[in-house]
Amino acid sequence: MPVPASVPSLAARVRSIGGSPVRDILAVTARPEVINFAGGLPAPELFDREGVAAAFRFALEEVPAQALQYATTEGEPSLRERLAARTTARGLPTTADDLLVTTGSQQALSLLATALLDPGDTVLVEAPCYLAALQVFGLAGARIVAVPGDADGPDPEALADLVVRERPKLLYTVPTFQNPTGRTVPAERRAAVAAVAARHGLWIVEDDPYGELRYDGERVPWIAAHPDARDRTVLLGSFSKVMAPGIRLGWLRAPDELRRACVVAKQAADLHTPTVNQLAAARYLTAFDLDAHVARVAAVYRERRDAMLAGLADALPAGSVWTRPEGGMFLWVRLPESYDTTALLPQVVAQDVAYVPGAPFYAGEPDRSTLRLCFVTQTPEEIGEGLRRLGRGLTG
């Protein structure tokens, strides 16, 4: 009997890009006794289950023929109108036609990569950078270059030098409560980044999944609202952190030509985002007060952030430093240089606590002494116990 020939190999882009280390860690630490600071998950007990259920009932009982049917690729007009009103109220004049509804803002990143990037194109990112963005750009075959920066974000002079030298297509940034560091780029730095993009020719992809989760300080306007950046910035938003991630609803706001290209890419990807989810979200924005819900969530998250900040000094080795985020879900720790958080993770997990090592968040040479902690999914008491376990694990 002849030996069957082997099937063709997987695409090179898939073979060269690994899976998500965060997802891998979550699979290892799924035991209920583990206090998990590794995830980036909203606290499920804070979901507005009754409001969301009522919104879905409305969609399925009052407009079932529409809710269960195909929809336009751009998104349900009623949802886009409400999203446009929310964006306008926050200082960026927007119409429904400026928006494309996506299946989570993660899909928006994939659509932008399809629309903008050819293999070998250069993408600039922060250091460190949102991990799943690195995956998207890597799968697109892009050359990923990190922009040097500091506690306030990417350095505008270094950015300008890189744009001149590398001729990149885009800069990807999470300027408000960044994942993984929790830092927020100040208004002056945002203006300087916008000016570089205008002067040298550059797309800015401004990802804002956490911006509504502010606990302290004043809101900083989007880069997209800056006069220098309005014709070259794509703003991404999401309901995942303020409503529920399982609804898988995000959106992008982009100039006409780029938005139309993303619509074509989305037609090829999934035709459109689920209609019933869009209609339920539109109903929720009409019948319920999302801002009040977010304020309730933020009050709980603020308490949890404060509990983590209060316990870090006793849990971490002398010489450690960490960020103090004004909102969002994460803070970033740098241990003394001799520590390797990837190598240390197994002995920490043995204490029934987990974090995400910092190395995978770097496009270039990683800082192996860093780690990310998520503070929103545990109570203050659980955070205190988790930090005690972390201290034991780090000391061996």
Let's go through Arg248 and Ser240 carefully: what are the C-alpha distance in whole Å and the side-chain angles of both, what is the deciding distance for side chain to side chain donor-acceptor pair (under 3.5 Å) to 0.1 Å, and is it a yes or a no? CA-CA 7 Å; Arg248 303 309 303 133; Ser240 290; 3.2 Å; yes
Is a donor on one side and an acceptor on the other found under 3.5 Å between the side chain of [X] and the backbone of [Y]?
X      : Y      : result
Asp121 : Asp118 : yes
Tyr355 : Thr341 : yes
Asp314 : Gly311 : no
Arg389 : Val348 : no
Glu126 : Cys129 : no
Thr73  : His272 : no
Thr72  : Gly75  : yes
Gln66  : Val63  : no
Lys169 : Val123 : no
Arg232 : Ala197 : yes

Tell me which pairs pass side-chain hydrogen bond (donor to acceptor under 3.5 Å, both in side chains) where either residue lies in residues 182-194, with sequence neighbours left out. Asp150-Arg189, Thr176-Arg190
Would you call [X] and [Y] a side-chain contact if the rule is heavy atoms closer than 4.5 Å?
X      : Y      : result
Phe239 : Leu83  : yes
Leu258 : Leu252 : no
Val356 : Phe361 : yes
Phe330 : Pro325 : no
Thr173 : Val205 : no
Leu335 : Thr370 : no
Arg167 : Thr122 : no
Arg80  : Asp97  : yes

Atom [atom1] of [X] with >12 non-hydrogen neighbours under 6.0 angstrom:
X      : atom1 : result
Glu166 : CD    : yes
Arg199 : CZ    : yes
Glu33  : CD    : yes
Arg219 : CZ    : yes

Roughly how far, to the nearest 0.5 Å, is [atom2] of [Y] from [atom1] of [X]?
X      : Y      : atom1 : atom2 : result
Leu290 : Asp48  : CG    : CG    : 9.0 Å
Leu41  : Cys374 : CG    : SG    : 7.0 Å
Trp251 : Leu99  : CH2   : CG    : 9.0 Å
Thr88  : Leu92  : OG1   : CG    : 7.0 Å
Glu76  : Thr275 : CD    : OG1   : 5.5 Å
Leu373 : Met329 : CG    : CE    : 12.5 Å

Is any side-chain N of the basic residue among [X] and [Y] closer than 4.0 Å to the acidic one's carboxylate O?
X      : Y      : answer
Arg324 : Asp216 : no
Arg334 : Asp367 : yes
Arg388 : Glu385 : yes
Lys266 : Asp270 : yes
Arg296 : Glu45  : no
Glu212 : Arg90  : yes

Take Arg302 and Val376 through the side-chain contact (heavy atoms from CB on, under 4.5 Å) test and state the conclusion after the steps. CA-CA 8 Å; Arg302 178 189 298 113; Val376 302; over 6 Å; no
Minimum heavy-atom distance between [X] and [Y], given as atom pair plus value:
X      : Y      : value
Ala194 : Ile223 : CB-CG2, 4.3 Å
Pro360 : Leu134 : O-CD1, 3.7 Å
Phe375 : Ile383 : O-CD1, 3.6 Å
Met308 : Leu387 : O-CD1, 3.7 Å
Pro317 : Leu394 : CD-CD1, 4.1 Å
Gly91  : Ala225 : O-CB, 4.0 Å

Look at the rings of Trp332 and Tyr362 and say which category their plane angle falls in: under 30° parallel, 30 to 60° tilted, over 60° perpendicular. tilted
Indicate, with yes or no, if [Y] and [X] share a hydrophobic cluster defined by side-chain heavy-atom contacts under 4.5 Å among Ile, Leu, Val, Met, Phe, Trp and Tyr.
X      : Y      : value
Val234 : Leu171 : no
Val220 : Val294 : no
Phe47  : Val276 : no

Could you walk me through whether Thr377 and Asn36 pass the side-chain contact (heavy atoms from CB on, under 4.5 Å) test, one step at a time? CA-CA 8 Å; Thr377 47; Asn36 202 332; 6.0 Å; no
Please evaluate residues Val34 and Val353 with respect to the criterion side-chain contact (heavy atoms from CB on, under 4.5 Å), reporting the C-alpha separation (whole Å), side-chain torsions for both, the decisive distance (0.1 Å), and the verdict. CA-CA 5 Å; Val34 174; Val353 67; 5.6 Å; no
Ring centroids only, cut at 6.0 angstrom: are Tyr172 and Phe137 within range, meaning strictly under it? yes
Does Phe58 have Arg283 sitting over its ring (NZ/CZ under 6.0 Å from centre, angle to axis within 45°)? yes
Start with the C-alpha gap between Leu249 and Thr102, add the side-chain angles, then the distance that decides, and say whether side-chain contact (heavy atoms from CB on, under 4.5 Å) holds. CA-CA 6 Å; Leu249 281 177; Thr102 59; over 6 Å; no
Working for side chain to side chain donor-acceptor pair (under 3.5 Å), residues Arg82 and Thr286: CA-CA 8 Å; Arg82 286 160 179 79; Thr286 302; 2.5 Å; yes
Yes or no on side chain to side chain donor-acceptor pair (under 3.5 Å) for Tyr130 and Gln106, after CA distance, side-chain angles and deciding distance? CA-CA 11 Å; Tyr130 171 50; Gln106 184 66 30; 2.9 Å; yes
Which residue in the set Leu344, Asp340, Leu371, Leu345 passes side chain to side chain contact (heavy atoms under 4.5 Å, CB included) when paired with Pro357? Leu345
Check: Gln107/Ser110 side-chain N/O donor and acceptor closer than 3.5 Å: no
